Number of protein chains: 2
Amino acid sequence: MTSPSHPELTKNQTLVLKALDKAEGPLSAYTILDRLRDDGFRAPLQVYRALGKLQEFGLVHRLESINAFVACCQPHGHRHEMTAFAICRTCGKVDEFSDMAVEERLGEWVRAHRFKPAKTTIEISGDCADCATHEHA
Amino acid sequence: MTSPSHPELTKNQTLVLKALDKAEGPLSAYTILDRLRDDGFRAPLQVYRALGKLQEFGLVHRLESINAFVACCQPHGHRHEMTAFAICRTCGKVDEFSDMAVEERLGEWVRAHRFKPAKTTIEISGDCADCATHEHA
DNA sequence: ATGGCACACGTTATAGCGTTACGCAATCGG
DNA sequence: CCGATTGCGTAACGCTATAACGTGTGCCAT
């Protein structure tokens, strides 16, 4: 369970987070919209507003390379600054992980260049073990 | 000079690469299209096809987090597998860099999980030294 | 040479992603 | 009570990317 029914979440935010939790893989904003039609969702903005807040709270990640969103799989609070993703382009499965050494090295670059980071994106797209094996390519 | 007038480049590819070379920062596909109207460009697909090939050749990078493209600043041939970008969201400037340790650590994760990577994205967005200083926030 | 293939190109239309702008209602601290 | 903030709903729009069609050109194996 990724959502311990965060007390501060509004109705829309809760619905969006639940949709992402139920989903097997990442969902696009418009897919979320479609899945929440029965709950009264009518416009993209309802989804994007909820997603924005959920990202602020660290409950949802945006996958930039595929324009989609996933519920954060890490226990609430144990959060890393940088999160990396391995995205299977065949089955859509996403693995979330962190690496201290990577954080450290990027942090060094940033300090050396006096760059003030706001968001860091690390995404590896390719084929997961299962898909790479089963493919007869 | 990022473009040593690659012999294999077609006319459209050359035009797109030159547009990116001339630009100060990253350009969106539609901005490129606008800048090449006078050269006969009329449709997005002309731009996207050229960009696709240029990316294959390693002459152009796509910045996933801002849906834009930049000419590769590295000498042709000295190419790294993983390239990282620091993107200033204020002035738009982009710094391209590589880090062996980061490559190594991500490579280890990939091997451990038998994941077959196709493309790796590393992007840090924030404020560059100049913009962070000059801002009175 | 000619038929088949691969590739670049051009055009139209469409799909997919995200935001701007407006107004209304609830909440909260002064 | 009032103003500020925040969330919500709707409509319209703009930006990003691809699908599906057809054309022409060069290559090369038959």
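Keep in mind the model is a prediction, meaning the values are calculated, not measured. Letters go in sequence order (proteins before strands), and every chain restarts at 1.
- B:Leu63 has its side chain within reach of B:Phe85: a pair of non-hydrogen atoms, C-beta onward, lies under 4.5 Å apart.
- Distance CD (A:Gln46) to C1' (C:dT19): 15 Å, rounded to an integer number of Å.
- Judged by distance alone, the side chain of A:Glu123 and the main-chain N or O of A:Glu64 form a donor-acceptor pair under 3.5 Å.
- Residues B:Ser125 and A:Phe115 come closest through the heavy atom pair C-CE2, 4.0 Å.
- Rounding to whole angstrom units, CD1 of residue B:Ile66 and C1' of D:dC15 are separated by 14 Å.
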Report task. Check the pair B:Gln13, B:Leu59 against side chain to side chain contact (heavy atoms under 4.5 Å, CB included), reporting the backbone distance first and the verdict last. Result -> CA-CA 10 Å; B:Gln13 288 159 16; B:Leu59 299 173; over 6 Å; no

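- Salt bridge annotation for B:Glu108-B:Arg111: absent, with no cationic side-chain nitrogen under 4.0 angstrom from a carboxylate oxygen.
- Candidate nucleotides D:dT10, D:dT18, C:dC17 were compared by shortest atom distance to the side chain of A:Ser28, and C:dC17 ranks first.
- Across the interface with DNA chain C, nearest-nucleotide mapping of B:Tyr30 and B:Gln13 shows B:Gln13 to be the residue nearer the 5′ end.
- Nearer to the 5' terminus of DNA chain C, by closest-nucleotide assignment, is the contact made by B:Leu45 (compared with the other of A:Tyr48 and B:Leu45).
- In this structure, the CD1 atom of B:Ile32 is 14 Å from the C1' atom of D:dC15, given to the nearest Å.
- Toward the 5′ end of DNA chain D lies the nearest nucleotide of A:Gly40, the other residue of the pair A:Gly40 and B:Ala29 mapping further downstream.
- Atom CG of B:Asn67 and atom P of D:dG14 are 18 Å apart (whole Å).
- Residue B:Arg49 has its side chain nearest to C:dC9 when only C:dC9, C:dT19, D:dT16 are considered.
- In this entry the distance linking CD of B:Glu64 with P of D:dC15 reads 20 Å, nearest Å.
- Spacing between atom CG of A:Leu9 and atom P of D:dG7 amounts to 11 Å, rounded to whole angstrom units.
- OP1 or OP2 of C:dC7 has not a single side-chain nitrogen or oxygen of B:Thr10 nearer than 4.0 Å.
- Proximity note for A:Asn12 (side chain, C-beta onward) versus D:dG9, C:dA8, C:dG10: the nearest is D:dG9.
- Here C:dC7 presents its C1' atom at 12 Å from CD of B:Glu56, a figure rounded to the nearest Å.
- When rounded to the nearest whole Å, the span between CZ of B:Phe69 and P of D:dC15 equals 16 Å.
- Contact annotation: A:Lys53 reaches the phosphate of D:dG7 (side-chain N/O to OP1 or OP2, under 4.0 Å).
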